[in-house]
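Written out below as structure tokens is the structure these notes cover.
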Amino acid sequence: MLSTQQFSLLLLKWNHDFNRRNMPWKGINDPYKIWLSEIILQQTRVDQGEKYYNSITTKYLTVSDLSLAKDDEVYKLWQGLGYYNRCRNMLHTARHIHQELNGIFPKRYEDILNLKGIGDYTAAAIASFAYNLPYAVVDGNVVRVLSRVFGLNQSFYDAAGKKFFQSLALELLNKKKSAEYNQAIMDLGATVCKPQLPECNQCPFEKKCIAKIENRINELPVKKEKLKLKVRHFHFFVFEDKTSFYILKRTSKDIWNQLYTFYMIETENEKVKSKDNIILKSINNSPQVFQQVLSHQKIQGYFHINNKITEKEIAHLNVFKINKYELEAYAFPRLLISFFQKNNYL
DNA sequence: AAGCCGGGGAC
DNA sequence: GTCCCAGGCTT
């Protein structure tokens with residue numbers, strides 16, 4: 001059995017000798033940029049998040065710069081990244097720091113944790129990377145590495161499991177080199193101890209890894225129960241003239257909050273019944289159909305074009321008029337981007 | 001505790 | 001198709 005000292009030693013040696021992973025935020029200590037990178041990377045692959053990190057940090061050099069930006073401008077930069085409440089919380093926190101904290105990022109773990117959009121993982125990441133404070137990160141990478149190396153059948157997806165892994169991770173943490181250690185274990189998980197086809201021959205724990213020894217690599221970590229896909233039917237009504245579209249901003253707690261779409265209704269199936277909306281007397285009944293599969297729902301998008309509607313009727317809807325050349329100023333869901341591209345608007 | 005929130009890359 | 005990603009918030 002591996003002692004905590006051995007674990008840390010082997011990990012740091014691997015990090016020094018073999019880890020060549022490089023990312024724009026790696027090794028920096030600006031809490032603002034570290035915070036941005038961590039928010040962007042929540043449930044998001046490094047490859048996917050990197051260009052968003054670059055564009056946001058290029059446009060807003062400090063947290064105060066970001067705090068002064070317009071919502072729509074920032075959401076536009078976030079477009080396509082998903083989990084849009086992260087963007088909402090990010091703006092809230094930037095403005096809180098600018099207005100209430102004189103633009104100074106908090107330095108204590110508890111204060112960092114209290115910021116909107118920051119949970120256990122992100123607080124530990126910022127505290128260790130920016131200030132080298134002794135807090136252990138527990139993300140998907142860490143759970144996978146620890147589960148395999150120590151052969152843990154504990155699930156991470158309940159309160160007891162979270163506590164268990166956080167406790168173990170803290171015990172293993174090299175308290176004097178928390179930044180280096182935390183980065184190393186995540187890098188190991190991302191580049192060697194991968195979810196599928198891990199490269200055990202490059203792993204410093206190969207000879208000690210319980211999962212490897214007992215041939216349980218594919219069983220660990222204990223998987224999260226997969227959620228069943230709910231199918232939803234969204235009917236979009238494209239009101240347009242030569243130069244303009246009518247769009248609206250979504251403001252419910254539903255999917256795509258704060259993004260823009262056409263006027264839309266949701267129905268039980270692919271059919272729109274006249275009772276579904278009295279305004280839509282003359283809907284086009286052969287819409288363009290686009291589908292988007294998300295992790296938790298499948299969305300069928302029906303785009304009804306050439307709708308006959310008067311200005312007076314439009315006034316009853318929640319929409320406003322934009323010029324077609326303004327499309328690039330608004331953040332749209334992927335599904336609408338597909339529609340715009342297919343019809344050569346983008 | 002369970003549900004909800006996007007989108008995409010690797011296989 | 002399946003898995004899962006530098007998770008967190010709401011109910």
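Source: prediction; values computed, not measured. Note on naming: letters A, B, ... go to the chains in the order of the sequence lines (proteins, then strands), and numbering restarts at 1 for each one. In what follows, every heavy atom counts, from backbone to side chain, and hydrogens, waters and symmetry copies are set aside.
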Span that lies between the C1' atom of C:dC4 and that of B:dG6, in whole angstrom: 13 Å
Could you say whether A:L335 or A:L227 is positioned toward the 5' end of DNA chain B, judged by the nucleotide with the nearest heavy atom to each? A:L227
Given A:F18 and A:V192, is the side chain to side chain contact (heavy atoms under 4.5 Å, CB included) satisfied, shown in steps? CA-CA 11 Å; A:F18 300 109; A:V192 176; over 6 Å; no
Whole angstrom is fine here: how far is it from CZ in A:R86 over to C1' in B:dG6? 8 Å
Tracing side-chain contacts under 4.5 Å among Ile, Leu, Val, Met, Phe, Trp and Tyr outward from A:L220 reaches A:V222
Just checking A:D254: base, sugar-phosphate only, or nothing, at a heavy-atom cut-off of under 4.0 Å? sugar-phosphate
B:dC4 to C:dA6 separation - P atoms, rounded to the nearest Å: 24 Å
If I pick the P atom on C:dG8 and the same atom on B:dG8, what distance separates them, to the nearest angstrom? 22 Å
Which atom pairs link the protein and nucleotides 8-11 of chain B when you take only N or O atoms and keep those under 3.5 Å?
{"from": "B:dG8", "atom 1": "OP1", "to": "A:R334", "atom 2": "NE", "distance (Å)": "3.4"}
{"from": "B:dG8", "atom 1": "N2", "to": "A:R45", "atom 2": "NH1", "distance (Å)": "2.4"}
{"from": "B:dG8", "atom 1": "N2", "to": "A:R45", "atom 2": "NH2", "distance (Å)": "2.7"}
{"from": "B:dG8", "atom 1": "N3", "to": "A:R45", "atom 2": "NH1", "distance (Å)": "3.4"}
{"from": "B:dG9", "atom 1": "N2", "to": "A:R45", "atom 2": "NH2", "distance (Å)": "3.1"}
{"from": "B:dG9", "atom 1": "N3", "to": "A:R45", "atom 2": "NH2", "distance (Å)": "3.3"}

Tell me the interatomic distance from A:W256, atom CH2, to B:dC4, atom C1', rounded to whole angstroms. 15 Å
Heavy atoms within less than 4.0 Å of DNA chain C: which residues of residues 118-129 of chain A have one? Give them sorted by number. A:I118, A:G119, A:D120, A:Y121, A:T122
For the residue pair A:F320 and A:Y260, categorise the inter-ring angle as parallel (less than 30°), tilted (30 to 60°) or perpendicular (more than 60°). perpendicular
Span of DNA chain C engaged by chain A, first through last nucleotide within the 4.0 Å heavy-atom cut-off, is C:dC3 to C:dT11
So does A:R232 pair up with A:D254, basic N to acidic O under 4.0 Å? yes
Tell me, which of residues 137-162 of chain A have any heavy atom that sits under 4.0 Å from an atom in DNA chain C? A:D139, A:G140, A:N141, A:R144
Applied to residues 177-199 of chain A, the ring-ring contact (aromatic ring centres under 6.0 Å, His included) test, sequence neighbours excluded, yields none
